Structure formats: structure tokens, C-alpha cells
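Sharing a structure below in C-alpha cells format, with a few things to ask.
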There are 2 protein chains.
Amino acid sequence: MPTIKDVARLAGVTVTTVSRVLNNRGYISDATRQKVYQAMEELNYQPNEIARSLHRRQSKLIGLIIPTVSHPFFGELAGFIEYYAHLIGYKVLICNSLLDRKKEKEYIEMLKSNRVDGIIMGSHTLEVEEYMNVNYPIVTFDRRISEEIPYISSDNYGGGKLATNLLIQKGCKKIAHISGNLQLQLLANQRSQAFIELSKEHGVESVIVETELNVFDITQYETMIRNLLEKHPDIDGVFASSDVMAAYVIQICYLLNKRIPEHIKIVGYDDIKLASLFVPPLTTIRQPIEEMAKCAVELIVKQVNEEPFERENVFPVQLMERLTT
Amino acid sequence: MPTIKDVARLAGVTVTTVSRVLNNRGYISDATRQKVYQAMEELNYQPNEIARSLHRRQSKLIGLIIPTVSHPFFGELAGFIEYYAHLIGYKVLICNSLLDRKKEKEYIEMLKSNRVDGIIMGSHTLEVEEYMNVNYPIVTFDRRISEEIPYISSDNYGGGKLATNLLIQKGCKKIAHISGNLQLQLLANQRSQAFIELSKEHGVESVIVETELNVFDITQYETMIRNLLEKHPDIDGVFASSDVMAAYVIQICYLLNKRIPEHIKIVGYDDIKLASLFVPPLTTIRQPIEEMAKCAVELIVKQVNEEPFERENVFPVQLMERLTT
DNA sequence: TTCAATATGTCAATCGTTTGACATAAAAAA
DNA sequence: TTTTTTATGTCAAACGATTGACATATTGAA
């Protein structure tokens, strides 16, 4: 690979001059500028970003740790994060923790070793203290870690409220909630909170099932939901904590010959792209994924530039009523 | 951030010694090793991977260019690629081209500038020559570029054949195929080829509609499929070139009150995780995504290490018969 | 005692780029 | 003509690590 020296030699100038045209600093005549460009062209020269990063002590990299990019919600989130990062010259290193503590820790170390400019954490299996030691520009999704670390979330409580209220208002008598893992102290737990409070408040019978830590074991989802619906055949409303879980519910209702929304109503959470393509199209609570992603990138950049930033970034949700309710 | 010098100073040794324990080279007594580890611990030292990369002229980075990670197929692919890359100490830079020629070109340049060790291309909007100039370890998904560049694909022709045959064998009289964009010279076009040949061979009436380049405009998909089914109400079988497209078909059939599989049968392609959760569960052609991802990573590594590798990596597909046929 | 193995140090170059300090020369402006 | 501006060059340090060549000292074994 050609270096700046090769370019200088070919253009008949010094590396200082080449660097000057490369970085638009100091005086440069059009003639030399052209010579230099031509030499770069001829050699197919690409400045070595690694060397640049080393020197300016900035990698223009953002680390993204999520459970897995193959989960539709995180896939969409990652897509938008990369989009907005790219707009301002940042690159994204992607890390799938699979909600494995060891992996998550490893990834944090790895990202620090690689001197990423900031870390966006969408996976949280570790204790608060472990994150506090990270001592790095961080943005968190759905988890409050400390007074300094900014976080992003949707209005989880509001979302839970919208979903639960809808089921009750539509006349459900016994409603179920399928929550994420409640041990991970996520703000998403507020969805469950809202569910519990509202169902109690309205005197509606309710059950909650909690998913295991390993969210990606398909068969487990299935048996869990199946058990739930078979044990409580009178459930006529389900609030699932994600659209993917809602898909499982729809599927199992279909297999159990429960008609949606006549026999049972279903509300999801996230509003992933495919939600509107389910049959029937899924009623769900929309998180503004794109705006949240944009915000995450901005929060990293602001920290890098030492600009002031908001610590709490809670985004409004929206009820997308479709045909499962 | 502490450097190797700080560690050396604190441990009371030279940087050479620290480097020796860091890289396990030469003679080191247990005592010094411990001192050094302790100093690293105390300073919370992380070797600067950027400096290391610069020196060894290897970034341990793989660039991944795909249309978008938010598409379920590519999300799953990306997830596995990152998984296998991580296993052998590689990191993944994701790039969503959105099938935009300019972006794709930019990303290739960017990845080269960042001296990634190899590029996995799952997005192909450029001409063959443009890739030939890349002159870099590359692996390609679903596209044959030159004699040197290895590619990975599923047995597209076989898959198209399985899908079409199934529809015909199930008694469909008029079948439709929704293809990807045929201008991009992808191997996926062989799915359409198979469809055309088999329907002709069996004397079954057939229509093909082709999606536009911008695969991510939702409304466009919808109107296209709607038009197809309204213009040809006698279509009783559809082979969609991806599961996501199949989801649209199912959805529209649902809206048009066409019963699946009684009135119309549907076959998808990919077997994304959600496919089995569709209602009805989608019959589809399974690509072995995980194996393909693993292969992609291996092909990069082999090129980096200058080991011999296969140029053609065509993976068998499998008919997953579920309830839409 | 002598030799080899073990353990550490010294020094400096290297990876590719940026940048500051300073020198010099030509062109343009006063 | 003199001064200022513009254009380029020279040189060397710095970013943070690795590594090779070589020196020196301490062990332990032969």
C-alpha cells in the first residue's frame, strides 16, 4: 500500500506539503495541489486512517453493544445508529452480547482497547458498578446507571399504560402480560409496572409471565406462552413486551384456534417494521426507533466534544392500533 | 489513558519488559510478570490496539457491506458473521449501503482507508470492474465478480426449482413470482430462472413482477403486490424471492380475503426466524445462513493468511414446508 | 570452574501520519 | 525599493506499541 511518502516522491514535493493538501492547512498553490492529487490518483493512495487515529487520538469509531442485531428491534436500531453515525463521519463496531455477561464485559474491554470514541450500550447484564468503572463516553438504552451517564428510553410507563388501558377499555376480563427479564434492571420493567398498577386499579384479573435471561431460545418462548394460554384458557387479552413476543402469541393463538381479536386481543411493543405485516396486523406501542438512534449518536458526539447534554432522554410512544385489538 | 510507559514506570521495569509479558515473548520471571500485571491492573491499562494495528499492519477488522442490517435476512447474516468473527479475534464494521451506489463506493474506500483485513460484500450495486479494482481480500454474497474473488451463495437455482415445483405439484394453475431486482446481476436471479423454466416446462401459466432497486420502500411493495393480485385474480400460487416479500403477500391476501393455502399458495425464500411465526406459518426455502456466515469469515481469514480457498461456495437449500402451501 | 540458560536492560528503528518551528524564495503590494 | 503575502521546504518530535540487536547479570548445572 502506498504511503504519504510515495505520494510526495511521485509529486515531487515533501510529505509536509502532501499533508497540507490532505488536511487543507497553510498555503498551497493550485498547481501543487493538482500535482499531489494526481499522484494520489496514480498510486491509488488512501491515507492510513489507523495512523491518523493514532496521532489525533480519535478513532471516529462508535462501539455498539446490543443483545443481537438479528433481533428485529435491535436490527432496526443498529441500522439507524449506523446511518446517523455515518452522516457525521463515524463508523460503527457492532457487538452482539447475546446477553452473556462474559461477552458483554469482553466487548467493553475490547472497545476501550480499540479506543472507540464512545460506546452505545443496548445490552445490560452487568451490575451498575461495573459500568461506572468504564469511565468512557457512554450512552445507555433503557437503563439508568449513574448521575453522569446519559440514557435513552421510550416512555415505558406510558407505553405500558396505553397498552393495558386499551385491553381493559376493549372489555378484556382477564389479561396477561409477557414481560422481558425483570432481573436486568431495565427501564422496560416500567411497562410491567404500568400493567400491574392499571389492572389492579381497574379490578381486572391479570397474570404475568417473565422470560428467561436467554431471550433467544425460541422453543422456550413457545412453550412458555403455550403453557400460559392452556393454564388460563380464559385469558382474553395479552400485552407482550415486544413485537416478536407478540408474534409468538399470535402464532400460538392460531394453533389453538383462538380468534384474534374476537376471542383474545393482543398488544405488542416496539412497532418493528414487520408488525404491520402480521396477520392480523399487530396493534402495538410504537417506539420512535429512528429518533432514539439519532439521539444516541448525538449524545456520544456531544460527550466527545465536551458539549453539554441531557442526561434523561425519554421519548414519547404512540399507540398504533391495528387489528389485533 | 495510561500507556505502556506508565506501566513500565510503575512496575519499575522497561517498556521492553512490559511488551514481553504482554506478548509472551522471551524470558520473563514470574515475579516481574506479576509486578507488571499488577501495575496494569492498578492503572487500568489497556494496550492501545490502534498503535498495535499500525505496527503489525493488521487491524483485525472485517468490513461488512450489506443493504441494511434492519432487513431480517441481513440482520441474521450480520449476527452470525459477527459471532464467528469474534470467535477468532476479529471485529466487524457494519456498513448499510441502502443499495445506494454512491454510499457503497464510499464505504469501500472508507474500509480500505481503515485498513480492514477484508471486506464481505452483501450489497452489489456497482459494475464488476469497480470491484475488480478493489484489490483487497473480498468475499461476495450472491455475486460472481471475477475468477479470483470467492463468492458465497445458496443453491439459488435449486431453491427456485423446489419452490416452483412445489406450487405446481400442489395443483396451482397460474403462478406468480416476485423477484428481486434483476438488473443487479445477482446469483439470486437464478431463482427466477428456475421459476421461468419450470413453469414453461410444465405448461403452467405464470407472471413475474420485479421489485425496484429501492427495496426498502414499503408502500411500493404493497401496491406492487396488490396490483398483481388484482390484475390477475386467478393467481393461485406465489413464489416470493424473500420471506419479507412473502409476508407482504400473505398480508395482502388477508386483506383481499384470499384464503391461504386454499385459494392461493405461497412460498418464500430465506427462512428468516420470523417465517415460522407468520400466520399461517410460511413455507419457504431455507438458506443455511449460519453456515454461510461462517464460511464468509473463514474465506477472509484464509485470504489474509494466504492459505488456499475455494472460489465457489454454493450452499444447499432446504424446503421448509409449513402451512402456506 | 565453566558454560548455558534465564532474566532484564539499553537503544533505536519502525508502523504512517500530523504538526510545529523555522528557513527560504518568489510573487504581489506598498 | 521595501515590505508583506504566499508557497514550499527542512527537520524532528509525537502518537503508542513492537522488535531486533546487543549487553549484562544472575542462576543453576555440568
Side-chain angles (χ1 to χ4, degrees), chain A residues 1-40 43-61 89 109-117 304, chain B residues 1-40 43-61 89 109-117 304:
Chain A
M1 276 250 160
T3 74
I4 198 173
K5 287 186 191 168
D6 300 315
V7 175
R9 197 174 312 129
L10 184 61
V13 297
T14 63
V15 293
T16 308
T17 304
V18 176
S19 174
R20 283 204 259 256
V21 349
L22 227 37
N23 298 288
N24 257 312
R25 280 178 45 258
Y27 296 115
I28 285 290
S29 71
D30 265 2
T32 10
R33 198 185 296 275
Q34 286 320 312
K35 270 195 304 184
V36 170
Y37 278 140
Q38 205 180 314
M40 298 197 316
L43 293 172
N44 213 328
Y45 170 75
Q46 318 259 143
N48 184 328
E49 281 299 326
I50 297 184
R52 285 181 153 184
S53 294
L54 178 61
H55 188 267
R56 78 170 113 79
R57 272 168 293 178
Q58 245 220 56
S59 61
K60 289 280 180 183
L61 272 175
E109 299 300 292
M110 181 275 272
L111 292 173
K112 288 173 79 175
S113 281
N114 282 276
R115 300 296 189 267
V116 298
D117 291 347
V304 169
Chain B
M1 277 252 155
T3 72
I4 197 172
K5 287 186 191 168
D6 301 313
V7 176
R9 199 173 312 131
L10 183 62
V13 297
T14 62
V15 294
T16 307
T17 305
V18 177
S19 174
R20 283 203 260 255
V21 349
L22 227 37
N23 299 288
N24 259 312
R25 281 179 42 258
Y27 295 116
I28 286 289
S29 71
D30 264 2
T32 4
R33 198 185 295 275
Q34 287 318 312
K35 271 195 304 184
V36 170
Y37 278 140
Q38 205 179 313
M40 298 197 316
L43 293 171
N44 213 327
Y45 170 75
Q46 319 258 145
N48 184 326
E49 280 299 325
I50 297 184
R52 285 181 154 183
S53 294
L54 179 61
H55 186 268
R56 76 171 114 80
R57 270 168 296 178
Q58 245 220 58
S59 61
K60 289 278 178 184
L61 272 174
E109 299 299 294
M110 182 274 273
L111 292 174
K112 288 173 79 176
S113 281
N114 282 276
R115 302 294 189 269
V116 299
D117 291 348
V304 169

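Throughout, protein chains are lettered first and strands after them, A, B, ... in sequence-line order, and every chain is numbered starting at 1. Note that this is a predicted model, so its numbers are computed, not measured.
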* Base, sugar-phosphate, or nothing: which does B:Thr16 touch, judged by heavy atoms less than 4.0 Å apart? ->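 Since a base atom lies under 4.0 Å of B:Thr16, the category is base.
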* Start and end of the DNA chain D segment that chain A contacts, any atom under 4.0 Å from a heavy atom ->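 Listing 5' to 3', DNA chain D meets chain A from D:dT6 to D:dG16.
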* Residue pair A:Tyr45 / A:Leu22, side-chain heavy-atom distance below 4.5 Å ->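 The answer is yes, as the side chains (C-beta and beyond) meet within the 4.5 Å cut-off.
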* Short side-chain N/O contact from A:Tyr27 to OP1 or OP2 of C:dT24, under 4.0 Å ->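 So the side-chain polar atoms of A:Tyr27 never come under 4.0 Å of the phosphate oxygens OP1 or OP2 of C:dT24.
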* Any side-chain N or O of A:Asn48 less than 4.0 Å from the OP1 or OP2 oxygen of C:dT17? ->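 No, outside the criterion.
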* To do: Please tell me if the side chains of B:Arg9 and B:Asp6 come closer than 4.5 Å, counting only heavy atoms from C-beta onward.
  =>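 Contact flag for B:Arg9/B:Asp6 side chains = yes.
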* With a non-hydrogen cut-off below 4.0 angstrom, is B:Ser19 in contact with a base, only sugar-phosphate, or nothing? ->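 Contact class for B:Ser19: base.
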* Asked: So what is the end-to-end bend of the helix from C:dT1-D:dA30 to C:dA30-D:dT1, with 5 pairs used at each end and the value given to 10 degrees?
  ->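 Rounded to the nearest 10 degrees, the bend comes out at 30°.
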* **Minimum side-chain heavy-atom gap A:Asn48-A:Thr3 below 4.5 Å** =>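 SC-SC contact between A:Asn48 and A:Thr3 ruled out.
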* To do: Could you pick out which residue, A:Arg25 or B:Thr17, lies toward the 5' side of DNA chain C when each is mapped onto its nearest nucleotide?
  =>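 Checking each residue's closest nucleotide, the 5'-ward one belongs to B:Thr17.
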* Asked: What distance do B:Lys112 atom NZ and B:Glu109 atom CD have between them, rounded to the nearest 0.5 Å?
  ->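 Output value for this atom pair is 5.5 Å.
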* **Minimum side-chain heavy-atom gap B:Arg33-B:Asn24 below 4.5 Å** =>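 In short, these two side chains touch, coming nearer than 4.5 Å.
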* Base, sugar-phosphate alone, or nothing: which one does A:Ile50 contact when heavy atoms must sit under 4.0 Å apart? ->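 Nothing, no heavy atom under 4.0 Å.
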* List the steps and the verdict of side-chain hydrogen bond (donor to acceptor under 3.5 Å, both in side chains) for B:Thr17 and B:Thr14. => CA-CA 5 Å; B:Thr17 305; B:Thr14 62; 3.1 Å; yes
* To do: Determine the contact category for A:Thr3: base if any of its heavy atoms lies under 4.0 Å from a base atom, sugar-phosphate if only primed atoms, P, OP1 or OP2 are that close, otherwise nothing.
  =>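 Result for A:Thr3 = sugar-phosphate.
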* Asked: Please walk me through it: do A:Arg115 and B:Met1 pass side chain to side chain contact (heavy atoms under 4.5 Å, CB included)?
  -> CA-CA 10 Å; A:Arg115 300 296 189 267; B:Met1 277 252 155; 3.6 Å; yes
* Asked: At their closest point, which heavy atom of A:Gly26 faces which heavy atom of A:Arg20, and how far apart are they?
  ->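 That closest heavy-atom pairing would be CA-CD, 4.5 Å.
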* To do: Output the single nucleotide from C:dT8, C:dT18, C:dT19 whose closest atom is nearest the side chain of B:Arg20.
  =>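 The listed nucleotide nearest to B:Arg20's side chain is C:dT8.
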* Give B:Ser53 one of three labels, base, sugar-phosphate or nothing, depending on what nucleic acid heavy atoms sit under 4.0 Å from its own. =>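 Since no nucleic acid heavy atom lies under 4.0 Å of B:Ser53, the category is nothing.
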* Asked: In Å, rounded to the nearest 0.5 Å, how long is the span from CD of A:Glu49 to NZ of A:Lys60?
  ->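 Separation between the atoms: 9.5 Å.
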* Contact class for B:Val15 (heavy atom, under 4.0 Å): base, sugar-phosphate, or nothing? ->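 Touches nothing.
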